[in-house]
Number of protein chains: 2
Amino acid sequence: MTRAGLTAERLTLAAAELADEVGFENVTVSALARHFRVRDASLYSHIRNAQDLRIRVALLALAELADRVAAALAGRAGKDALVAFANAYRDYAKRHPGRYAAMQQELDPETAAASAGPRHAEMTRAILRGYQLSEPDQTDAVRMMHSTFHGFVSLERTGGFRHHPRTADASWSRTLDALDTLLRTWPR
Amino acid sequence: MTRAGLTAERLTLAAAELADEVGFENVTVSALARHFRVRDASLYSHIRNAQDLRIRVALLALAELADRVAAALAGRAGKDALVAFANAYRDYAKRHPGRYAAMQQELDPETAAASAGPRHAEMTRAILRGYQLSEPDQTDAVRMMHSTFHGFVSLERTGGFRHHPRTADASWSRTLDALDTLLRTWPR
DNA sequence: GAACCAGCCTAACCCCATTAGGCAAGCGCT
DNA sequence: AGCGCTTGCCTAATGGGGTTAGGCTGGTTC
């Protein structure tokens, strides 16, 4: 018998791909085992349980997204940086809906701290360097930006913007304009 | 034997309460049957299946939220209306996390059209009457507002704002200020 | 080559979803 | 009142997914 050569990493990656294909809620230990032509129980030497698998996918996605955002941000500042960040974010969510859904899980504090979540926060703050905001305005602005991006992408994905002639792309573009204006004139 | 007196409405309401207590993802036909001290199969004369149950909870939540928002909005205009709307929204999400999660499901187009979703859109537009915006700016602004509210509430719930001295309440308040400013000076 | 160990397996158990088919309580009717 | 029908809940059975205990085996180590 040849071994399937399973590792936690391979399982996580396959789970992420599966999530993008069939939806995160349908990522199951059984489906993953079928993918590797292996028994369900065989996976339990690599992952603790189904929840552990989901968390691994979430961490993978957070790291990937942080990389893409970092790449998009390189060498840009001001509105340029804002738009690049936002588009990288939305793009990732569209290309990887399952991974994006995975990211929405609550992580326990230690896991969250060890994740790429803090990197996101740093990068968002970096954007704000182009807008001269000091604390606590900076924190408020970071939270609002993140809320807007996540909210938009999330509503777009659940179909909240359909049935209206105005395209989501157009509203997105205007939303970024509005955010830029807002950050430049952040109310004292 | 006394009957449990099940109806689709009672089931839906109990499911909503269960969702708020144990999380929407843990709302299960079995758990609901246990709640009524009844066999699982007994529920199937009232609901089509588990998915149907979830959709009913979502529709209930959408209607409840629309009612609360409508009440909050009564007699207010301008920033007053904006803040009242936003607080009613956030408040509902905090008080009813399970119901709020239920609302995030994708609804098929007919169901969505028959839901309270359109009422939300109308009310959001009503707020904008205080801000003189014409199409398509109005649509863009509605989408941005909704995104911000949903995004903020959603990030707050998944713990995105913990581990930082600045309270979520403070950032929320400033975010509403910012939105008000933004709507008053919406970039042409 | 003996011992080990990593990697996968079988077997077994539980929970949940769903369908088919039954029985009985209470209703409407004559 | 008594007849039947509908409604409401039941038993039984199937199948999927999650998880654990314990076993076999082939390659690695000394």
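Order of the sequence lines sets the chain letters (A, B, ...), proteins ahead of strands, with each chain counted from 1.
- Using a 4.0 Å cut-off, no side-chain N or O of A:Ser45 falls inside it from OP1 or OP2 of C:dG7.
- D:dA13 atom C1' lies 14 Å from atom OH of B:Tyr44, rounded to whole Å.
- Between the CG atom of A:Asp40 and the P atom of C:dG7 there is a distance of 19 Å, rounded to whole Å.
- Classification of B:Arg68 and B:Asp91 as a salt-bridged pair fails, no side-chain N sitting under 4.0 Å from a carboxylate O.
- Under the 6.0 Å cut-off for aromatic ring centres, A:Phe152 and A:Phe161 qualify, their centroids lying closer than that.
- What separates CG of A:Asn49 from C1' of C:dC15 is a distance of 15 Å, to the nearest Å.
- Within the 4.0 Å cut-off from OP1 or OP2 of C:dC8, at least one side-chain nitrogen or oxygen of A:His46 is found.
- Spacing between atom CG of A:Leu6 and atom P of C:dC9 amounts to 8 Å, rounded to whole angstrom units.
- Salt bridge status for A:Glu156 with A:Arg90: present, with a side-chain N to carboxylate O gap under 4.0 Å.
- A:Ser30 comes within contact range of the sugar-phosphate backbone alone, with a heavy-atom separation under 4.0 Å but no base atom that close.
- Out of D:dG18, C:dA17, C:dC9, the shortest distance to the side chain of B:Ala50 is found at C:dA17.
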_Working for side-chain hydrogen bond (donor to acceptor under 3.5 Å, both in side chains), residues B:Thr7 and B:His46_ = CA-CA 6 Å; B:Thr7 64; B:His46 305 282; over 6 Å; no
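- Comment: B:Arg48 does not engage B:Asp52 in a salt bridge, judged by the lack of any side-chain N to carboxylate O separation of less than 4.0 angstrom.
- One can place CD of B:Gln51 at 14 Å from C1' of C:dT18, the figure rounded to the nearest angstrom.
- In this structure, CG of A:Leu43 is placed 13 Å from P of D:dG17, rounded to the nearest angstrom.
- Proximity of A:Arg34 to the phosphate of D:dG17: a side-chain N or O atom is located under 4.0 Å from OP1 or OP2.
- If you check every strand for non-hydrogen atoms under 4.0 Å, A:Ala41 touches a base.
- Within residues 15-28 of chain B, no residue has a heavy atom under 4.0 Å from DNA chain D.
- The separation between A:Arg39 atom CZ and D:dC24 atom C1' is 15 Å, rounded to whole Å.
- Protein atom CG of B:Leu53 is 14 Å distant from nucleotide atom C1' of C:dT18, rounded to whole Å.
- With ring centers used as reference points, B:His96 lies under 6.0 Å from B:Tyr92.
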*asked:* As a quick check of understanding, evaluate side-chain hydrogen bond (donor to acceptor under 3.5 Å, both in side chains) for A:Thr139 and B:Arg166, giving each step before the final call.
replied: CA-CA 8 Å; A:Thr139 295; B:Arg166 181 75 167 168; over 6 Å; no
